[in-house]
Structure formats: C-alpha cells, structure tokens
Asks: 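Got a structure here, written out as structure tokens. Questions coming.
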Amino acid sequence: MKVAWFDAEEWEKEYLQYKTSDLDIEFFEESLNADTVEEAEGFDAVAVFVDSTVDEEVLNSLDADLVACRSTGYDHVDLDAAEENRITVCNVPQYGGSTVAEHTFGLILSLSRKIYDAIRKVEEGSFDHEGLRGFDLNGKKLGVIGTGAIGQNVIQIAKGFGMDVIAYDPYGDDKLEEELGFMYVSLEDLLSKSDVVTLHCPLTDSTRHMLSEDEFDLMDGALLVNTARGELVDTEALINALENDSVSAAGLDVLEEECYVEEDIEVMGDLEDECDLELILEDHMLMERSDVLVTPHNAFNSEEAMHRIVDTTLDNLRNRENRV
Ligand code: NAI
C-alpha cells in the first residue's frame, strides 16, 4: 500500500522507520490542500494532520480511497464529498485522556502555587516571597464539567491530591460516581461550590458560551481552567469575572479565537476575513493579565500521545479501523 504522509514531522519519519515494512510511505512536509493534491497522485491512502484542508476540490482529485486523520477531530475533511467519492475517512478517537488531564493539573498547580510568577521573580534576580503565597489543593473542591475520557483522568488525579470532586455531565454515567469517588451535581451547584472549575466537554451548539455572565456570577473566586475548547467560554464575560473577582485566576490552553495565537499581530489587517478582530483583542487582553496563564493549545502534545496517534493511524491504514 502506497501512503502519502502529509504534514510530516522529522520525528515521525524516525519513529516509523522500523514499524512500516508492509507500507510504502512517502513523507511530505507540506499540508494536503488544493495546491498540493498533485503530490498525492498514484497513492492508495493519504495520512493528514489538522493543518491539511481536505475539501471537495481535493477529494474530487484524489487517487487514494482512504484519508487517515492523525487527529480526533475531522472537521478539516469534507465528509459528504468523501462519501460521494467513495473515500473512507478514519480518525484517532482516543489518545490523550491522561495527557490532557496532566496538562490540566499543570495549569491548576501553576495558578494555585503561583509557579510561573515565582520562576519569573527568580529570573529577575529576586528570591523574596512577596506575592507568591498560594493555596493547598488538599481538601479543596474541584468541579469537573464533562466526565468523559479526560474528565475521568482529571478526577483520578484530583483524588490523589486529596480534593473533593463534584461533576456536571448531562449524559454522565452514575456508576462512575462510586467507582471514582465523586458526586454529580447541577451546573449551578458546581459553579457556586467549587474552588477550581475545569472544562472537559465538547464544543457543540448547545455548549458554546456555556460559561457566560450568568454562570460567572455564580462563582465565588474560583480558579477556572479550560483545556477543552475556547468557545465554551464567553471571553468578554470572563474578563469581567476576573475584574470583579468571581473568578480569581484562569489557566487556558484554548482561546475563543486562536487565529491570534497562530498569526502575527502585525498582519492582523489580513486576518479580518477569517478571524473576529474583537475576539482577538479580547484574547490579547486576557493574555496581558497577571491572573491568567495561557498555553498554546498544547495539552495534547506529549511524546507518548503523539506515538499513540501514529500507532492508531497505522492500524487505520492497515485495517480501516475507526471509520468516521
Ligand atoms: P469525551 O467525548 O470522552 O468526553 C466528553 C464528555 O463531555 C462526555 O462525557 C459528554 O457526556 C460530556 N458532555 C457533553 N455535553 C456536555 C455538557 N453540555 N456539559 C457537560 N458535559 C457534557 O471527550 P474527551 O476525550 O474527554 O475530550 C473532551 C474535550 O477536550 C474534547 O471535546 C476536546 O474539545 C478537548 N480536547 C482538547 C485537547 C487539547 O490539546 N487542549 C486535546 C484533546 C481534546
């Protein structure tokens, strides 16, 4: 089987060297899109990351009958056009439950123990403790929104820290409560009772801005952590909540408008068509704040998670597992 591996990174070439004697893989550093689709001529399958744009134009001219997404999300593939062209699309449904949960705790601890501020102080040559007093997680209440793969890992880690865990999930599995030692509550109860609130549910039409002004008004100085999707949180409402102390600090791996993160602010004028400038400015206001820590949508990015993604992609190429 001839595979065109787009968005290829150097480590992938090395990692795959001894794992793919049955596959004839050619690596392309560029993404698959209408400009590069010619490169895929004569291949049986293409493997792509989220940077590729596998739209109707690309799918109409692909020789391959299999698109293997090296990601959970597949919104960069036009599924209707794939079906019309009888092209199978596969994804990697699970790879990062513990990986994203660990990053979540990285953010929680950075905020609760002011680790980033402490490091910055030392870099500036100061070893005094002024402004660095944090708080213990032990005995505090953690509110987990979404008890799927990542939320469950977060709950398990929280128990290790001696935290009391409550959770909200409209499709929650009651058996989990006993198994993992937490209690399901309403979203309102979770927001008003938690010392730390962490988001682990998907972005859908009904969850967009699930935390907005009314919800923040229920919070009483809790930390907010978001490693799920930026659009779950109304950015303007979060800035107000930080101003009026309903939220004491926030750790965000995802922002509502990630164009800003990926593009240079100097070319903001060119972004007008694709990105919401108001949101970009609000993100900028968030990032400037000393009570907000932002990481660049990096929670998934561990060596082990990347290996799991590639291994599952190989299964998908060989056996067409995980069809979407
Ligand atoms: P999952 O599908 O295993 O779990 C999602 C959970 O959310 C389910 O239990 C579901 O019932 C629940 N849910 C659905 N609607 C809800 C609502 N309105 N309120 C509360 N809970 C609700 O997904 P998984 O693997 O745990 O991932 C969660 C999210 O994390 C993903 O949707 C994705 O957006 C994000 N993610 C972020 C990454 C990063 O690098 N920052 C990497 C991977 C995932």
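Quick caveat, the model's predicted, so the values are computed rather than measured. One-based numbering, in listed order, for ligands and for the atoms of each. Just the heavy atoms: all of them, side chains too, but no hydrogens, waters or symmetry mates, feed the values below.
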Asks: Applying side chain to side chain donor-acceptor pair (under 3.5 Å) as the test, list every pair that has at least one member in residues 158-172; sequence neighbours left out.
Replies: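 Sorted result for residues 158-172: K141-D164, T147-D169.
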
Asks: Which ligand 1 atoms, with their elements, are less than 4.0 angstrom from a heavy-atom of T147?
Replies: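 Answer for ligand 1: 9 (O).
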
Asks: For ligand 1, does H103 get within less than 4.0 Å through its side chain, its backbone, both, or neither, judged by non-hydrogen atoms?
Replies: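 H103 to ligand 1: no contact under 4.0 Å from either part.
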
Asks: Looking at atom 33 (C) of ligand 1, what's its closest protein heavy atom, distance included?
Replies: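 For atom 33 (C) of ligand 1, the nearest protein heavy atom is R229 NH1, 3.8 Å.
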
Asks: Quick one: does A228 get within less than 4.0 Å of ligand 1, heavy atoms only?
Replies: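 Yes, A228 has a heavy atom closer than 4.0 Å to ligand 1.
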
Asks: If you take the nearest heavy atom of each of L199, I150, D173, which one is closest to atom 27 (O) of ligand 1?
Replies: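 Nearest heavy atom to atom 27 (O) of ligand 1 lies in I150.
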
Asks: At a 4.0 Å threshold, what atoms of ligand 1 neighbour a non-hydrogen atom of A299?
Replies: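 Near A299, the atoms of ligand 1 are 39 (C), 40 (O), 41 (N).
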
Asks: Test your reading of the model: is there a side-chain donor-acceptor pair from D78 to the backbone of A81, 3.5 Å cut-off?
Replies: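 Present.
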
Asks: How close does the nearest protein non-hydrogen atom get to atom 42 (C) of ligand 1, and which residue and atom is it?
Replies: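 Of the protein heavy atoms, V100 CG2, 3.6 Å lies nearest.
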
Asks: Counting only heavy atoms on the protein side, is anything nearer than 4.0 Å to atom 2 (O) of ligand 1?
Replies: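 For atom 2 (O) of ligand 1 the answer is no, since every protein heavy atom stays at 4.0 Å or beyond.
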
Asks: Do R308 and E303 meet the salt-bridge criterion of a basic N to acidic O distance under 4.0 Å?
Replies: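 Result for this pair is no, no salt bridge flagged.
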
Asks: Counting non-hydrogen protein atoms only, what is the nearest one to atom 12 (C) of ligand 1? Give residue, atom name and distance.
Replies: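 Scanning the protein heavy atoms, the shortest distance from atom 12 (C) of ligand 1 goes to D169 OD2, 3.2 Å.
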
Asks: Within ligand 1, which atoms have a heavy atom of Y171 less than 4.0 Å away?
Replies: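 Listed by number with element: 11 (O), 14 (C), 15 (N).
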
Asks: Salt bridge check: are D22 and R318 linked by an N-O gap of less than 4.0 Å?
Replies: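 Salt bridge: yes.
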
Asks: Applying side-chain contact (heavy atoms from CB on, under 4.5 Å) between W5 and each of L317, V46, L32, report the one that passes.
Replies: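 Among the candidates, only L317 passes.
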
Asks: I'd like to know if the side chain of Y74 reaches the main chain of L79, judged simply by a donor and an acceptor atom lying under 3.5 Å from each other, with no hydrogens or angles considered.
Replies: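 Judged by distance alone, no pair lies under 3.5 Å.
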
Asks: Which residue and atom name correspond to the protein heavy atom nearest atom 5 (C) of ligand 1, and how close is it?
Replies: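 Of the protein heavy atoms, H200 O, 3.7 Å lies nearest.
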
Asks: For ligand 1, which atoms have a heavy atom of T207 less than 4.0 angstrom away?
Replies: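 Matching atoms, with element in brackets: 17 (C), 18 (N).
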
Asks: Counting distance only, does the side-chain N/O of N316 pair as donor-acceptor with the main-chain N or O of N91 below 3.5 Å?
Replies: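 A pair under 3.5 Å: yes.
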
Asks: Looking at E29 and K13, is any side-chain nitrogen of the basic one under 4.0 Å from a carboxylate oxygen of the acidic one?
Replies: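 Between E29 and K13 there is a salt bridge, with a charged N closer than 4.0 Å to a carboxylate O.
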
Asks: Looking only at protein heavy atoms, identify the closest one to atom 22 (C) of ligand 1 and say how far it is in Å.
Replies: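 Heavy-atom neighbour on the protein nearest atom 22 (C) of ligand 1: C201 CB, 3.4 Å.
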
Asks: With no hydrogens and no angle check, just 3.5 Å: does a side-chain donor-acceptor pair link D311 and Y15?
Replies: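 Short answer, yes.
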
Asks: For the 3.5 Å polar cut-off, considering only N or O atoms, please tell me whether N298 and ligand 1 meet it.
Replies: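 No, there is no polar N/O contact under 3.5 Å.
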
Asks: Numbering the atoms of ligand 1 from 1, which are under 4.0 Å from a heavy atom of I145?
Replies: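 What qualifies from ligand 1 is 20 (C).
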
Asks: Which heavy atom of the protein is the closest neighbour of atom 14 (C) of ligand 1, given with residue, atom name and distance?
Replies: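 Ranking protein heavy atoms by distance from atom 14 (C) of ligand 1, first comes P202 CD, 3.6 Å.
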
Asks: Starting from atom 23 (O) of ligand 1, what is the nearest protein heavy atom, named by residue and atom, and what distance separates them?
Replies: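 The answer is A149 N, 4.6 Å.
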
Asks: Please determine whether the number of non-hydrogen atoms from other residues, nucleotides or ligands lying under 6.0 Å from atom CD of E178 exceeds 12.
Replies: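 12 or below, so no.
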
Asks: Is it the case that ligand 1 has an N or O less than 3.5 angstrom from some N or O of F300?
Replies: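 For ligand 1, there is an N or O atom that lies under 3.5 Å from one belonging to F300.
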
Asks: Centres of the F6 and F27 rings: under 6.0 Å?
Replies: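 Ring-ring flag for F6/F27: false, centres at least 6.0 Å apart.
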
Asks: Quick check on contacts: which atoms of ligand 1 are under 4.0 angstrom from a heavy atom of G146?
Replies: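 Checking each atom against G146, I get 7 (O), 20 (C), 21 (N).
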
Asks: Distance to 0.1 Å, residue and atom name: give those for the protein heavy atom nearest to atom 6 (C) of ligand 1.
Replies: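 Protein heavy atom at minimum distance: G148 N, 3.7 Å.
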
Asks: Numbering the atoms of ligand 1 from 1, which are under 4.0 Å from a heavy atom of H297?
Replies: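 Those atoms are 39 (C), 40 (O), 41 (N).
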
Asks: How about CE on M1, more than 12 heavy atoms from neighbouring residues, nucleotides or ligands closer than 6.0 Å, or not?
Replies: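 Yes, enclosed.
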
Asks: Suppose the criterion is salt bridge (charged side-chain N to carboxylate O under 4.0 Å, His left out): which pairs have a residue in residues 210-237, not counting sequence neighbours?
Replies: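 Pairs touching residues 210-237 that pass the test: none.
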
Asks: Should T227 be counted as touching ligand 1, given the test is an N or O pair under 3.5 Å?
Replies: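 Right, the criterion is met.
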
Asks: May I ask you to list the atoms of ligand 1 that are less than 4.0 angstrom from any heavy atom of M210?
Replies: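 So the answer, numbered in order with elements, is 19 (N).
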
Asks: Whether R320 and D315 form a salt bridge (side-chain N of Lys/Arg under 4.0 Å from carboxylate O of Asp/Glu) is what I want to check.
Replies: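 R320 and D315: not salt-bridged.
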
